[in-house]
Amino acid sequence: MPACVPTRTDDSSHMPDEGRPHSPPERRRRTPRLPRVPRIAGADLSASIAVFLIALPLSLGIALATGAPLQAGLVAAAAGGLVVGRLGGAPLQVSGPAAGLTVVTADLIQKFGWRTTCAITVLAGLAQLALGFLRVARSALAVSPAIVHGMLAGIGITIAVAQLHIVLGGSPRSSVVANVRELPGQLAHPQVAALSMSALTLTLLLVWPRIPGRAGRMLRTVPAALAAVMAATAVAALAGLRLPRVDLPSWSSHTLAGLPDGPVLGLVAAVLTVALVGSVESLLSAVAVDKLTAARGRGPRIPRADLDRELRGQGAANIVSGALGGLPVTGVAVRSAANVQADAVSRTSTMLHGLWIVVAALLLVPVLDLIPLAALAALVMAVGVQMVSINHIRTVTRHREIPVYAVTTAGVVCFGVLEGVTVGVAVAVTVAMHRLTRTRITHDEDSAGVHHVRVRGQLTFLAVPRLSRTLHLVPQGADAVVELDGSFMDHAAYESLHDWQSAHLAQGGSVELTGRTGARLAAPHVKGGTGETSHCHCRPWTPWRNHHCERPESAPQGGRPSGHQLASGISSFQRNTAPLVRGELARLAREGQQPSQLFLTCADSRLVTSMITSSGPGDLFVVRNVGNLVPPPGEESADDSVAAAIEYAVEVLQVRSITVCGHSGCGAMQALMNTEPGGTQTPLKRWLRHGLPSLDRMAAKDRPWTRIAGRTPADAVEQLCLTNVVQQLEHLRAHDSVARALQEGALELHGMYFHVGEAQAYLLQERAHHEEPDGEVFDRVAATALHDTPA
């Protein structure tokens with residue numbers, strides 16, 4: 001018999017009201033919930049209007065420059081705002097028709113016609129979608145900046161020269177060469193009306209952002225591009241000038257995309273050109289928007305751009321724009337910067353700007369038809385001139401890439417975008433190969449007898465014979481400085497330099513490796529003068545210069561960071577540091593630890609032993625405790641952990657030195673000075689009793705105070721910190737294992753003091769036993785004082 005499953009029925013006729021248990025009102029009668037209307041931030045609304053006012057005239061002007069129907073610019077702007085705004089990965093980036101594709105699109109329209117160009121835009125969008133799903137967006141940023149800047153400069157020159165004909169009242173030709181050839185005749189017979197409106201537009205574009213005073217601040221709320229076009233339109237209408245104007249036909253006659261028509265190879269090249277140029281421009285713009293957003297420093301946190309998602313959003317927008325008869329869509333730096341500066345806080349501003357474009361295209365056609373084409377041409381010409389950026393030229397000059405920039409620019413101007421970029425890539429590869437193979441190596445000796453070997457350029461296997469010959473000009477036992485002024489060294493060059501260095505050190509010489517700034521590089525050292533070189537060539541890997549510890553927003557109340565911070569640090573180690581040290585740690589795992597020093601210091605979080613000693617894995621055996629204390633032998637077993645570490649380091653690991661390191665502002669020393677005798681014996685008080693001899697040593701009248709060379713201690717706490725280091729060294733000498741090693745000459749003891757605020761280390765000066773004790777002195781460690789001291 002099947003099991004009976006209780007069911008519920010909504011038919012209430014089977015049970016009278018009085019026989020049914022009453023349900024709560026909210027369960028007896030549910031009110032249908034209305035869909036929630038998303039709230040729009042006021043900042044997004046105002047930013048969308050500002051971006052719309054910039055995008056409207058620029059979209060018409062770019063359509064004019066390409067020779068496409070003017071409505072195509074509005075379609076592309078709407079698709080960029082609505083589609084990329086919703087699907088893209090850069091929330092504050094604004095997309096639409098961009099000057100970067102103007103030359104490409106104009107060339108396609110000349111070759112294939114408008115409907116096929118729309119089809120090419122759709123296919124380019126599909127290609128961008130595929131690239132986005134393949135997650136190759138970051139690869140597009142690997143293109144040399146000199147090539148990208150040169151491409152934009154070439155496009156800007158092409159646009160400016162073409163639009164100059166419209167500014168003068170004529171019509172542009174199909175190529176830059178033809179436009180330049182016809183320019184003298186156009187300059188000789190300009191149309192005064194068109195030239196006057198263009199001059200008015202350019203003047204306002206230049207002057208509008210520079211209007212001073214309160215009036216200027218109020219006027220600058222209107223974008224310069226809109227103000228210039230509005231002024232030219234108003235003057236032309238009031239003066240009754242007969243000029244070619246914007247002509248937006250009825251949307252019922254708008255041309256949509258057609259089937260591709262033309263040679264297959266030509267169509268494939270066109271699709272790849274639109275997809276690649278549009279992708280690179282969009283991704284570079286997205287990265288720039290990230291930087292602008294981070295520098296803004298106000299408003300809610302905006303997530304960084306997801307470049308693969310942004311590429312997919314651009315592809316979807318190009319599919320929509322091309323299918324609806326619009327221009328190709330890319331991310332636009334000018335509109336995106338305006339969006340960020342207008343304090344937009346989400347992608348809503350981008351989508352609203354697209355909505356305003358749609359409203360304007362449907363309702364403002366009579367107003368748009370009044371705009372003189374000469375005003376739009378002047379606006380686009382100004383944009384083209386701005387694409388030849390002086391800052392970009394300075395950057396590529398500083399990086400010695402001006403040949404790549406110049407050749408790419410000339411190639412784009414003379415042959416086209418795809419051809420110019422191809423030539424630019426070829427020149428960039430040639431320049432890189434030339435730099436890789438051209439290395440200058442010199443040798444000279446200064447007046448102090450130090451031999452300097454200078455390497456200018458990259459060190460590859462091709463330079464190894466010259467490097468070896470030059471290094472062997474350095475006499476045995478001499479002091480040598482090798483200056484490497486390059487950013488690359490291959491394995492063959494590294495082995496040659498390392499072998500020579502090891503041999504030179506073993507023969508009694510000294511070697512210092514420096515970079516282009518003169519900073520000393522990590523170098524192997526000789527162990528104990530036996531000629532056995534260290535295997536470790538690690539460098540400190542933490543970027544301390546830019547390290548700022550801040551409490552995360554998600555930290556619990558009270559300021560204690562959550563476990564997320566630890567997990568984030570571990571994740572960063574696995575991603576950035578582990579690949580660099582994995583080989584060294586694998587060797588240490590096989591061979592076991594063989595540290596040369598026991599480093600006993602305080603548990604204070606500000607003391608990072610690897611940082612202040614430039615040490616790596618396997619170099620130091622570190623013991624940390626509160627107050628860098630060494631309990632004397634014979635104390636209670638509860639404190640045996642420090643004694644056990646000392647015994648293990650000296651007898652098992654056979655370290656050659658022990659360093660006791662104190663530091664400024666030590667909380668343990670402050671607590672020691674403020675501790676009242678008696679009272680409850682907490683764990684901290686019981687531990688700090690090992691510091692009482694330091695307190696007594698400082699108070700003794702028959703002992704001179706420990707001091708820092710050149711100055712007296714800042715206060716009593718610093719005096720106690722210094723004295724404590726000396727006293728703990730006395731405790732060390734009382735341990736049997738340490739005493740035996742000292743007697744055999746196999747161990748050295750060192751005292752060290754680190755001033756946290758000054759980032760300055762001081763070493764305790766060694767005194768001969770027969771000298772009259774005049775007080776221990778800590779001496780400053782200069783930047784080159786530990787030149788031959790292994791850390």
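Keep in mind that what you see is a predicted model, and the values were worked out from it rather than measured.
When atom types are taken as modelled, the side chain of D290 and the backbone of A305 share a donor-acceptor pair closer than 3.5 angstrom. Judged purely by atom type and a 3.5 angstrom limit, T293 uses its side chain to pair as donor or acceptor with the backbone of V289. At least one donor-acceptor pair closer than 3.5 Å links the side chain of D619 to the backbone N or O of G616. No donor-acceptor pair closer than 3.5 Å links the side chain of H735 to the backbone N or O of V738. Judged by distance alone, the side chain of W500 and the main-chain N or O of L471 form a donor-acceptor pair under 3.5 Å.
Ring planes of H443 and H451: parallel class, angle under 30° (limits at 30 and 60°). Ring planes of H690 and W687: perpendicular class, angle over 60° (limits at 30 and 60°).
Within the model, atoms CD of Q727 and CG of L720 stand 10.5 Å from one another, a figure rounded to the nearest 0.5 Å.
Pairing each heavy atom of R624 with each of T609, the nearest pair is NH1-CG2, 4.3 Å. Considering all non-hydrogen atoms of both residues, C666 and G627 come closest at SG-CA, 4.2 Å.
Using a 3.5 Å distance cut-off with no hydrogens or angles, the side chains of D44 and S346 do pair a donor with an acceptor. For the 3.5 Å distance criterion, the side chains of Q719 and T723 qualify, holding a donor opposite an acceptor. A donor-acceptor pair shorter than 3.5 Å can be found between the side chains of E310 and Q93. For the residue pair Q728 and N724, a side-chain donor N or O sits within less than 3.5 Å of a side-chain acceptor on the partner. For the residue pair R686/Q681, the side-chain donor-acceptor check at 3.5 Å is not satisfied.
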Check: So C661 and F599, side chain to side chain contact (heavy atoms under 4.5 Å, CB included) or not? Walk me through it.
Finding: CA-CA 7 Å; C661 178; F599 197 85; 3.7 Å; yes

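Ion pairing of R740 with E744 is absent here, as no side-chain N (NZ or NE/NH1/NH2) approaches a carboxylate O to less than 4.0 Å.
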